[in-house]
Structures are given as structure tokens and as C-alpha cells.
Q: 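Sharing a structure here in C-alpha cells format.
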Amino acid sequence: MSSIAKNTAFMTIASVGQKIISFVYFSLVARHIGAEGTGKYFFAMAFTTVLVVFVDLGLTSVLVREAAKAREKIQAYFSTILFVKIIFGILSYIAAVVIINLMGYPIETKRLVYLSAVTMLFDSLHLTLYGVLRAIGNLKYEAIGTISSQLITLTLGSIFLYFNLPLIFLILAFTIPSFLNVCYVTTVLYIKYKINLTPHFDKHIFIYIGKISIPFALAAIFARVYSYVDSILLSKLAGDIQVGWYSIPYKITYAFQFVPLALMATL
């Protein structure tokens with residue numbers, strides 16, 4: 001129970017801090033770039049957030065559960081899942097590029113999506129890396145990485161806003177911390193637990209985790225589509241300004257998800 005209480009405390013503090021920093025940053029962005037710019041920015045994030053779910057497809061959830069039961073197989077599970085996610089990541093990125101071009105959006109929006117998709121790939125990677133730490137039962141490093149990443153985003157984004165740099169730099173304010181987060185958790189796993197970032201395909205492990213991951217994948221896909229498809233539809237039907245106005249109250253309600261997310265991560 002002590003480890004559960006400790007991990008709950010770590011994740012609750014990290015989740016609260018993340019949501020507060022995220023809300024402050026989004027408020028600064030919305031006030032500085034206006035409704036139309038906010039609409040483009042939020043659309044790019046929502047668009048890639050929906051597609052990136054197809055990179056993971058519930059594999060990280062299965063990794064946490066199965067590796068926690070058989071810790072001697074953590075490296076084997078992780079390497080196979082990493083190999084599969086690299087393939088899925090490439091296919092998802094290509095799909096994002098093709099779909100956004102078929103939808104006929106202007107070049108600025110396309111560029112935002114291109115960079116946002118890279119960010120989401122990094123996010124999906126460090127999600128799995130932190131999944132290994134969750135299987136081990138140590139959420140302290142995830143809490144540190146989560147808070148640090150948000151603070152870097154807030155700092156970089158504020159600087160970019162101050163100098164009135166183009167909108168794509170606000171996406172870059174997420175890309176850089178996400179990449180640094182991958183480097184951070186990779187270093188922790190290797191130094192502390194001797195787990196390396198080496199993809200390796202094991203057919204038997206893939207078949208085993210693939211069957212288990214199906215319900216997780218379906219749940220993740222429906223939850224992600226339910227949460228973000230409204231912004232994508234609104235952008236296509238009404239335009240960027242309407243998405244901008246819609247996204248501001250959306251972010252307020254989203255900020256209160258820290259309580260269930262922290263408990264889910266710990267359990």
C-alpha cells in the first residue's frame with residue numbers, strides 16, 4: 001500500500017501541475033494570437049492526436065500489465081512493442097500527411113500538422129518508455145518528466161510569443177520538450193534498470209500481446225475520436241475562428257481530468 005500511496009502522490013502532483021501549466025500556457029497563446037490563430041493551433045493538435053492513437057493501439061497498456069507480472073521479460077516485451085510502434089508510427093505519419101492534403105487546408109495549417117505529428121510520435125514513444133517504469137512500479141521519474149516537459153513548453157512558448165514568431169514555433173514549443181522527455185526517460189531506464197532502446201521483433205511475443213491489446217486498442221480509438229473529432233469537424237464546417245472560441249472552454253474542462261488520470265496510472 002505504501003508504494004501505491006507514494007505513486008498516487010507523485011502522479012497526482014504531476015497531473016495537477018501539468019494541467020495548471022498547460023492551462024496557463026494555452027491561455028497565453030489564446031490571448032496573444034487571437035481566435036483564428038488559436039483555431040489553427042488547436043486543430044493541428046487535435047488532428048494529430050486522433051491519428052497518433054494508431055501508433056500505440058493499446059500496446060503500452062498491455063506492456064504495463066504483462067511486464068508487471070513477469071519482470072524478467074520487460075526488455076523482450078518492450079523491444080517487440082518498440083519495433084511494432086516504429087512501423088505504425090511511419091504509417092500514421094504518412095496517413096496524416098496524405099489526409100491533411102486531401103482535406104484541402106492552406107499551407108500554414110499543413111505545416112502545423114506536419115510538425116505536430118512529429119511531436120505526437122515523440123509523445124507516443126515516451127508514453128511506452130514510461131510504461132516500462134509503470135510496470136516496474138516507479139512513477140517518480142514520470143512525474144518529474146511530466147512537470148519538467150510542461151515547464152519547458154511554457155518557457156519556450158512564452159519566448160516565442162514575446163518575439164511574435166510564426167505560429168509553427170508554438171508547435172515547436174511542444175516538439176522540443178517531447179524529444180527531451182524521450183532522451184530523459186531513455187537515460188533513466190538504461191542507467192537504473194539496464195533497459196535499452198533496441199527494437200527487436202519477436203513473433204511469439206507479438207502474437208501474444210496483439211491478442212490482448214485488441215480491447216485496449218478499441219477503447220483508445222473510440223475515446224480519442226470522441227474527445228477530438230468535434231474540433232476537426234468544426235474546423236471543416238465553420239472555420240478556424242469558431243474552433244478558437246470552442247477550444248478555450250474545452251481546455252478549462254479538460255484541466256480537471258487530473259484526478260482520474262492519476263489514479264488510473266497508479267492502479
Q: Which residue pairs satisfy the salt bridge (charged side-chain N to carboxylate O under 4.0 Å, His left out) criterion with at least one member in residues 151-165, sequence neighbours excluded?
A: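 Non-adjacent pairs meeting salt bridge (charged side-chain N to carboxylate O under 4.0 Å, His left out): zero.
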Q: Going by distance alone, is a donor N or O of one side chain under 3.5 Å from an acceptor N or O of the other, for Glu142 and Thr146?
A: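 Note: Glu142 and Thr146 side chains miss the donor-acceptor criterion.
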Q: Could you tell me if Ser124 and Asp56 have a donor-acceptor pair between their side chains, going purely by distance under 3.5 Å?
A: no
Q: Sorted by first residue and then second, give each ring-ring contact (aromatic ring centres under 6.0 Å, His included) pair with at least one member in residues 80-113; sequence neighbours left out.
A: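 As it turns out, the ring-ring contact (aromatic ring centres under 6.0 Å, His included) pairs with a partner in residues 80-113, which skip direct neighbours, are Phe43-Tyr105, Phe83-Phe201.
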Q: Can you name the ring pair (Phe, Tyr, Trp, His ring centres under 6.0 Å) partners of Tyr114, sequence neighbours left out?
A: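 For Tyr114, no residue satisfies ring pair (Phe, Tyr, Trp, His ring centres under 6.0 Å) once neighbours in sequence are set aside.
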Q: Sequence neighbours excluded, which residues qualify as ring pair (Phe, Tyr, Trp, His ring centres under 6.0 Å) partners of Phe174?
A: Tyr25
Q: To the nearest 0.5 Å, what is the distance between CG on Asp123 and OG on Ser116?
A: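 Interatomic distance, Asp123 CG to Ser116 OG, rounded to 0.5 Å: 8.5 Å.
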Q: If we only count heavy atoms from C-beta on, is the Ser158 to Leu154 side-chain gap below 4.5 Å?
A: yes
Q: Can you run down the salt bridge (charged side-chain N to carboxylate O under 4.0 Å, His left out) pairs that involve residues 186-199, sequence neighbours left out, and say none if there aren't any?
A: none
Q: Has the side chain of Thr175 got a donor or acceptor atom that lies under 3.5 Å from a matching backbone atom of Val118?
A: no
Q: Mind checking what makes side chain to side chain donor-acceptor pair (under 3.5 Å) contact with Thr38, not counting sequence neighbours?
A: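 If we apply the side chain to side chain donor-acceptor pair (under 3.5 Å) test to Thr38, skipping adjacent residues, there are no hits.
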Q: Is any side-chain heavy atom of Leu161 less than 4.5 Å from a side-chain heavy atom of Leu170?
A: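 With C-beta onward as the side chain, the pair touches.
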Q: Taking salt bridge (Lys or Arg N to Asp or Glu O under 4.0 Å) as the definition, give me every residue that meets it alongside Lys69, ordered by chain and number, with sequence neighbours left out.
A: Glu66
Q: Could you state the interatomic distance from CD1 (Ile209) to OG (Ser61), rounded to the nearest 0.5 Å?
A: 11.5 Å
Q: Can you sort out the partners of Tyr77 under ring pair (Phe, Tyr, Trp, His ring centres under 6.0 Å), two or more places apart, ordered by chain and number?
A: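 Ring pair (Phe, Tyr, Trp, His ring centres under 6.0 Å) list for Tyr77, sorted by chain: empty.
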Q: With sequence neighbours left out, write down each residue that passes side chain to side chain donor-acceptor pair (under 3.5 Å) with Glu36, or none if nothing qualifies.
A: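 Residues passing side chain to side chain donor-acceptor pair (under 3.5 Å) with Glu36: none at all.
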Q: Identify, with sequence neighbours excluded, every residue that meets side chain to side chain donor-acceptor pair (under 3.5 Å) alongside Thr128.
A: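 Side chain to side chain donor-acceptor pair (under 3.5 Å) check on Thr128 returns Thr60, Lys85.
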Q: Tell me the ring-ring contact (aromatic ring centres under 6.0 Å, His included) pairs involving residues 115-144, sequence neighbours left out?
A: Phe122-Phe179, His126-Tyr130
Q: By ring pair (Phe, Tyr, Trp, His ring centres under 6.0 Å), which residues pair with Tyr41, not counting sequence neighbours?
A: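 Partners of Tyr41 by the ring pair (Phe, Tyr, Trp, His ring centres under 6.0 Å) criterion come out as none, since no residue qualifies.
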